[in-house]
Amino acid sequence: MHTVGETKYNHWFDGLALVHSFTFKNGEVYYRSKYLRSDTYNCNIEANRIVVSEFGTMAYPDPCKNLFAKAFCYLSHTIPEFTDNCLINIMKTGEDYYATSETNFIRKINPHTLETLEKVDYNKYVAVSLATSHPHYDSAGNVLNMGTSIVDKGKTKYVIFKIPSSVPENEKKKSCLKHLEVLCSIPSQSLLHPSYYHSFGVTENYIIFIEQPFKLDILKLATAYFRGVNWASCLSFHKEDKTWIHLIDKKTKKDISTKIYTDAMVLFHHVNAYEEDGHVVIDVISYPDNSLYQMFYLKNLNEELEKNTKLTAIPACKRFVVPLGFDKGAEVGTNLVKLPSTTATALKEKDGNIYCQPEMLCEGIELPRINYDYNGKKYRYIYATEVRWSPVPTKIAKVDVLTKKKLSWEEEHCWPAEPIFVPSPDLKEEDDGLILSSIVTSDPRKAPFLLVLDAKTFTEMARATVNVDLHLDLHGVFIPEKDLNTERE
Ligand SMILES: CC1=C(/C=C/C(C)=C/C=C/C(C)=C/C=C/C=C(C)/C=C/C=C(C)/C=C/C2=C(C)CCCC2(C)C)C(C)(C)CCC1
Ligand SMILES: [Fe+2]
């Protein structure tokens with residue numbers, strides 16, 4: 001919902017969250033959608049205007065017009081209450097599902113009815129102001145996530161934490177979050193300029209954190225309300241800086257001693273990472289700058305969008321390879337990558353640092369998914385939406401990272417959302433399964449639908465048409481029947 005009363009949000013990632021679901025039952029598909037009844041939603045609806053700030057829209061609870069009134073307003077709400085408009089992803093902890101964003105608030109939902117349940121503040125369990133919407137899960141279902149602790153006890157750091165998938169039997173009110181455990185933390189290179197990150201990677205032995213020169217400016221953030229600017233304007237890309245690749249050893253809980261870096265870039269989504277013959281392979285979708293966020297300002301996304309907005313920075317899927325047990329006596333300038341399968345390099349430098357240059361896997365894909373059973377392991381296929389020169393996705397792609405061959409699905413007037421891979425129950429090969437994607441149509445005469453593709457061949461297996469307006473979503477999950485607590489139904 002981008003308009004409340006007479007007020008409008010500025011940015012596509014600000015709108016009030018709408019959760020939707022497709023349920024497969026007895027050979028039929030049921031569709032349901034509901035606004036997330038967050039505190040943000042309720043306050044806005046009650047006031048009939050936007051009163052809670054979002055990333056791209058600063059809201060003023062009191063309509064203060066002049067600077068003095070604004071200053072007064074600022075002093076009385078030193079920091080405005082942060083949003084719980086969780087519009088990015090769905091996270092599973094134990095038997096619970098949460099709608100998530102990147103602030104310290106997450107919102108429990110009932111996956112059957114999509115009802116909004118309690119609000120949870122990460123801050124009660126770990127001192128973070130921001131946390132990602134892309135946690136990882138291990139095979140036991142424990143959640144691994146990362147957040148930023150900003151100027152807390154004089155330090156700014158990135159905190160990695162674990163939420164267990166189960167709680168002691170005798171506990172009455174079962175909440176996995178209560179048992180959250182901090183695993184380790186990485187100090188930010190700068191107290192007042194921590195990096196922004198949207199996801200991270202894991203392999204068998206390492207956690208991968210890429211500290212990009214796309215940074216928050218804490219002083220600007222602290223004064224944004226007073227200055228009348230949005231939080232997004234407090235992030236900046238420093239193209240002259242480096243991007244640091246941190247490998248945190250899960251056993252020692254420390255960064256490996258060698259400093260590894262690459263050129264300045266902006267990245268949102270990690271695709272996957274794995275270890276192979278003494279190397280760590282890291283696949284990400286990266287951009288040469290931060291223009292992506294600019295493109296999604298709603299003033300650009302009107303009927304003329306295909307004419308008005310051109311993607312100036314095309315997303316590229318890149319592979320970085322970091323050598324682990326390399327020969328310490330190697331000469332300066334040597335490429336330490338010994339994997340024959342890649343053209344990615346890692347050069348040893350005079351000061352002992354390692355400079356990585358990636359291999360290009362493919363251009364123009366975003367919202368990447370994989371068969372999650374292969375997360376952290378050597379894998380072969382990426383499923384993603386394919387994007388070209390405009391801010392709308394037009395295809396779904398399957399990329400074979402080994403041969404770089406691509407399969408795609410497209411249809412006239414169709415805008416596909418993130419493709420989700422659902423493994424076949426008797427999975428033998430990595431791509432034995434289905435792809436689900438909800439398809440929005442740009443022609444009002446054509447109904448939107450849920451598309452089901454065979455993940456192997458990318459041929460259509462089925463589609464379920466719905467006679468309501470569908471909205472382009474960001475991220476989602478597939479919940480197998482066994483993970484649904486049917487008692488709730
Ligand atoms: C800062 C800060 C804060 C705030 C926060 C917030 C409010 C946040 C939010 C956040 C958010 C809310 C985020 C979001 C994100 C998102 C994203 C990152 C997305 C992405 C996307 C993409 C990547 C796309 C793609 C594409 C293209 C490119 C084209 C075509 C189509 C598509 C769509 C596929 C606080 C106050 C706490 C304090 C501290 C600091
Ligand atoms: Fe994301």
Side-chain angles (χ1 to χ4, degrees), residues 9 11-17 40 52-59 79-90 99-105 121-123 128-135 147-152 156 192 194 196-200 214-222 224-225 230-235 266-271 284-287 290-296 301 305-306 309-316 363-369 384-397 415-419 437 440 471-476:
Y9 286 111
H11 200 273
W12 188 41
F13 304 157
D14 291 346
L16 291 171
T40 304
V52 184
S53 302
E54 298 296 333
F55 199 59
T57 307
M58 189 57 90
I79 306 172
E81 176 70 316
F82 299 146
T83 181
D84 64 339
N85 175 35
C86 300
L87 79 166
I88 308 186
N89 204 357
I90 307 286
T100 64
S101 175
E102 291 179 356
T103 67
N104 50 309
F105 293 120
D121 184 354
Y122 270 129
N123 247 312
V128 292
S129 307
L130 297 164
T132 88
S133 238
H134 287 286
T148 309
S149 175
I150 303 176
V151 203
D152 179 55
T156 295
L192 297 173
Y196 169 78
Y197 52 98
H198 181 73
S199 62
F200 62 102
F214 182 32
K215 296 180 178 172
L216 302 168
D217 183 324
I218 303 303
L219 294 179
K220 282 192 181 163
L221 279 167
Y225 185 76
N230 63 10
W231 281 317
S233 72
C234 310
L235 254 80
V266 169
L267 87 105
F268 299 100
H269 296 118
H270 278 255
V271 182
V284 301
I285 311 278
S286 79
Y287 295 81
N290 63 330
S291 56
L292 173 96
Y293 189 83
Q294 297 311 88
M295 191 175 65
F296 290 110
L301 301 180
L305 97 165
E306 307 220 18
T309 51
K310 281 256 180 297
L311 255 182
T312 48
I314 300 293
E363 269 189 305
I365 58 164
E366 247 302 353
L367 309 181
R369 297 289 293 235
T385 51
E386 209 174 325
V387 301
R388 278 296 156 200
W389 318 105
S390 90
V392 289
T394 51
K395 291 185 191 174
I396 309 176
W415 296 358
E418 178 188 54
S437 174
V440 170
H471 295 269
L472 206 58
D473 54 34
L474 266 178
H475 298 299

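Note that ligands are numbered from 1 as they come in the structure, with each ligand's atoms numbered from 1 the same way.
The heavy-atom pair separating I396 from P416 by the smallest distance is CG1-CB, 3.5 Å. For the residue pair N85 and D14, the shortest heavy atom distance occurs at ND2-O, 3.1 Å. For the pair M58 and S53, the tightest heavy-atom approach, listed with the atom from each and the gap, is SD-OG, 3.1 Å. When all heavy atoms are compared, the tightest approach of N89 to S133 is ND2-O, 2.9 Å.
With atom 24 (C) of ligand 1 as the reference point, the heavy atom nearest to it among F268, Y197, F296 is part of F296. Taking each of A224, S129, P315, A232 in turn, the one with a heavy atom nearest to atom 37 (C) of ligand 1 proves to be S129. When the heavy-atom distances from atom 39 (C) of ligand 1 to D14, L87, I150 are ranked, the shortest goes to I150. Atom 35 (C) of ligand 1 has its nearest heavy-atom neighbour, among Y225, F55, F82, in F82.
For the 3.5 Å distance criterion, the side chains of S129 and N104 fail to qualify, holding no donor opposite an acceptor.
A donor-acceptor pair under 3.5 Å is absent between the side-chain atoms of D152 and the main chain of V128, judged by distance alone. At least one donor-acceptor pair closer than 3.5 Å links the side chain of Y197 to the backbone N or O of G147.
Under a 4.0 Å criterion applied to the non-hydrogen atoms of L367, ligand 1 contributes the atoms 34 (C). Proximity to P393 (heavy-atom distance under 4.0 Å) selects the following atoms of ligand 1: 30 (C), 31 (C). Of all the atoms in ligand 1, the ones that sit under 4.0 Å from a non-hydrogen atom of I88 are 11 (C), 13 (C), 14 (C), 15 (C). Close approach of ligand 1 to Y287 is summarised as follows: ligand atoms under 4.0 Å from at least one heavy atom of the residue are 23 (C), 28 (C). Proximity to H198 (heavy-atom distance under 4.0 Å) selects the following atoms of ligand 1: 15 (C), 16 (C), 17 (C), 18 (C). Taking every non-hydrogen atom of L221 and a distance limit under 4.0 Å, the qualifying atoms of ligand 1 come out as 1 (C), 40 (C).
Separation of atoms CG (L472) and CG (L474) is listed at 8.0 Å; rounding is to 0.5 Å. For the atom pair CG of L87 and CG of L16, the computed distance is 9.0 Å after rounding to the nearest 0.5 Å. Expressed to the nearest 0.5 Å, how far CZ of F82 lies from OG1 of T103 amounts to 8.5 Å.
With a 4.0 Å heavy-atom cut-off, ligand 1 is reached by the backbone of V392 but not by any atom from C-beta on. Looking at L472 against ligand 1, nothing comes within 4.0 Å, counting heavy atoms.
Below 30°, between 30° and 60°, or above 60°: for H475 and H134 the angle between ring planes is above 60°, a perpendicular geometry.
Excluding waters, the set of protein N, O or S atoms lying under 2.8 Å from the Fe ion (ligand 2) comprises H134 NE2, H198 NE2, H269 NE2, H475 NE2.
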